[in-house]
Amino acid sequence: MRVTKAIKAEQLRILEKTYFDAKPALEYSNDFELLVAVVLSAQCTDERVNIVTRRIFPELNTPAAMLSIGVKKLEMLIKDCGLYKSKANNLIKTCDILVHQYKGEVPHEFEQLIELPGVGRKTANVVVSVLYGTPAIAVDTHVFRVSNRLKLGVASTPEEMELKLQKAIPKDKWSAAHHWLIYHGRRLCKARKPLCGECMLAHVCPSAGKVV
DNA sequence: CTCCCGATAT
DNA sequence: ATATCAGGAG
């Protein structure tokens, strides 16, 4: 199947119709909490992140509070999320910067966010999109896999995919499309065993039934 | 490219 | 047993 511009538009139309109510799965009650939750979500399910954050956010809901407990305690608290030494180290460093350079606030600009330790393009895009309404397409493992399968965008790196998707998707749909693709990746277009048999996109998907 | 890493699904 | 999970840094 050759994925033309018209087919991509049809893919997006179906995704929107199916996942119109898609929203962030991570739980948070302020800007700082969302930033922390997204950092913790690297190579970890959102469900597990929520279990951990429900336990720690009542105490650690500000960068000053998190900074004060130190790396070792933070490591123990977030251990269940995996990659815990890097994440704890990065979070403490980020908290230090937020407290001393941003008055304890989470910066609003992508260029500022991406300079924070442990914050890359994906995390920065989620923050500006979810918190500040800036059009952005955060390319995580689901967005990358699903987009490549649909050939909505074809890329070998997340950053390349981000650029391809920005061209394939109308700007006013960027942030929503990010959530459509994640929901689709979780529910049907799974990494291991995609459910092409019950997929509403199968007739416009060049990979339908072909994924090992 | 490798390393970080525990929990879960298959 | 192995692949994968809202990645990022060296």
Side-chain angles (χ1 to χ4, degrees), chain A residues 15 19 21-28 31-57 71-97 106 110-132 134 136-149 152-153 155-162 165 174-197 211-212:
Chain A
L15 284 167
Y19 304 111
D21 60 344
K23 59 184 190 317
L26 295 170
E27 298 170 5
Y28 65 98
D31 294 0
F32 174 68
E33 290 187 2
L34 176 72
L35 175 62
V36 173
V38 179
V39 169
L40 291 179
S41 71
Q43 295 295 290
C44 179
T45 61
D46 59 302
E47 192 178 347
R48 178 139 302 279
V49 172
N50 288 334
I51 292 173
V52 169
T53 56
R54 282 199 285 265
R55 193 167 64 227
I56 68 173
F57 280 165
V71 194
K72 285 304 173 186
K73 281 187 181 175
L74 187 57
E75 279 184 10
M76 291 305 109
L77 291 171
I78 67 172
K79 199 166 196 170
D80 288 353
C81 292
L83 309 180
Y84 64 94
K85 289 185 180 176
S86 326
K87 289 175 182 174
N89 192 35
N90 286 329
L91 282 172
I92 292 294
K93 285 181 180 171
T94 286
C95 287
D96 189 84
I97 295 173
V106 176
F110 179 87
E111 290 73 18
Q112 298 174 310
L113 287 161
I114 206 169
E115 290 302 318
L116 299 170
V119 178
R121 295 192 67 86
K122 182 262 174 177
T123 300
N125 275 322
V126 170
V127 170
V128 299
S129 163
V130 172
L131 292 183
Y132 311 129
T134 306
I137 302 177
V139 178
D140 61 38
T141 181
H142 296 300
V143 173
F144 187 70
R145 179 184 67 254
V146 174
S147 299
N148 265 322
R149 284 179 179 169
L152 180 58
S156 56
T157 69
E159 185 167 356
E160 185 191 0
M161 181 63 81
E162 189 181 330
L165 292 180
W174 284 3
S175 298
H178 157 76
H179 286 109
W180 305 338
L181 291 166
I182 288 182
Y183 266 50
H184 190 59
R186 285 202 184 115
R187 297 177 178 183
L188 292 173
C189 199
K190 298 192 276 188
R192 192 88 80 100
K193 201 184 76 176
L195 307 177
C196 301
V211 180
V212 287

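Each chain gets a letter, A, B and so on, in the order the sequences are listed, and its residues count up from 1. The structure presented is a predicted model; accordingly, all values stated were derived computationally and were not measured.
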If you look at every strand shown and take non-hydrogen atoms under 4.0 Å, does A/Ala25 touch a base, only sugar-phosphate, or nothing?
-> base

Report yes if a side-chain nitrogen or oxygen of A/Thr141 is closer than 4.0 Å to either non-bridging phosphate oxygen (OP1 or OP2) of C/dA6; otherwise report no.
-> no

Report the distance from atom CG of A/Leu40 to atom CD1 of A/Ile78, rounding to the nearest 0.5 Å.
-> 5.5 Å

Please state how far atom CG in A/Leu74 lies from atom C1' in B/dG6, giving the value in whole angstrom units.
-> 15 Å

Name the nucleic acid region contacted by A/Pro24, choosing base, sugar-phosphate or nothing; use a 4.0 angstrom heavy-atom cut-off, strictly under.
-> base

Distance, rounded to the nearest Å, where A/Glu162 contributes CD and C/dG8 contributes P = 10 Å

Please state whether the phosphate of B/dA7, meaning OP1 or OP2, lies under 4.0 angstrom from any side-chain nitrogen or oxygen of A/Lys79.
-> no

Atom pair distance, as rounded to whole Å: CG in A/Leu40 and C1' in B/dA7 | 14 Å

P atom, C/dA1 versus B/dC4: distance in rounded Å?
-> 23 Å

Roughly how many Å is it from NE2 in A/His142 to C1' in C/dC5, rounded to a whole number?
-> 7 Å

Between C/dA6, C/dG7, B/dA7, spot the one nearest the side chain of A/Asp80, thanks.
-> B/dA7

Report yes if at least one side-chain N or O of A/Thr123 is closer than 4.0 Å to OP1 or OP2 of C/dG8; otherwise report no.
-> yes

Specify the separation, in whole Å, of atom CZ of A/Arg186 and atom P of B/dA9.
-> 14 Å

Rounded distance in Å between the P positions of B/dC1 and C/dT4 | 16 Å

How do A/Asp46 and A/Leu116 order along DNA chain C: which one's closest nucleotide is nearer the 5' end?
-> A/Asp46

For A/Val143 and A/Asp140 the tightest heavy-atom approach is N-OD1, 2.9 Å

Whole Å only: how far is the OH atom of A/Tyr84 from the C1' atom of B/dC5?
-> 8 Å

Starting at CD of A/Glu75 and ending at C1' of B/dG6, how long is that distance when rounded to a whole Å?
-> 13 Å

Hey, is the side chain of A/Arg48 poking within less than 4.0 Å of OP1 or OP2 on B/dT8, counting only N and O atoms?
-> yes

A/Glu160 atom CD: more than 12 heavy-atom contacts under 6.0 Å | yes

C/dG10 and B/dC5, which share atom name P, separated by this distance in whole Å | 14 Å

On DNA chain C, check which nucleotide each of A/Asn90 and A/Asp140 is closest to and give me the residue with the more 5' one.
-> A/Asp140

Hey, which of A/Val52, A/Asn50, A/Ile56 is the one that makes side chain to side chain contact (heavy atoms under 4.5 Å, CB included) with A/Arg54?
-> A/Asn50

Kindly state whether the ring of A/Tyr19 and the ring of A/His179 have centres lying under 6.0 angstrom apart.
-> no

Looking at every strand, decide which applies to A/Val143 at a 4.0 Å heavy-atom threshold: base, sugar-phosphate, or nothing.
-> nothing

Rounded distance in Å - NZ (A/Lys85) to C1' (C/dG8) | 17 Å

Which nucleotide in C/dC5, C/dA3, C/dG7 has an atom nearest any side-chain atom of A/Arg192 = C/dA3

Write down the distance separating the P atoms in C/dA6 and B/dA9, rounded off to the nearest Å.
-> 12 Å

State whether a side-chain donor-acceptor pair under 3.5 Å links A/His142 with A/Arg145.
-> yes

Out of B/dC5, C/dC5, C/dA6, which has the shortest distance to the side chain of A/Val126?
-> C/dA6

Please determine, for the side chain of A/Lys190, which listed nucleotide (B/dC5, C/dA6, B/dT10) has the closest atom?
-> B/dT10

If you pin A/Lys193 and A/Lys87 to their nearest nucleotides in DNA chain B, which one's is more 5'?
-> A/Lys87

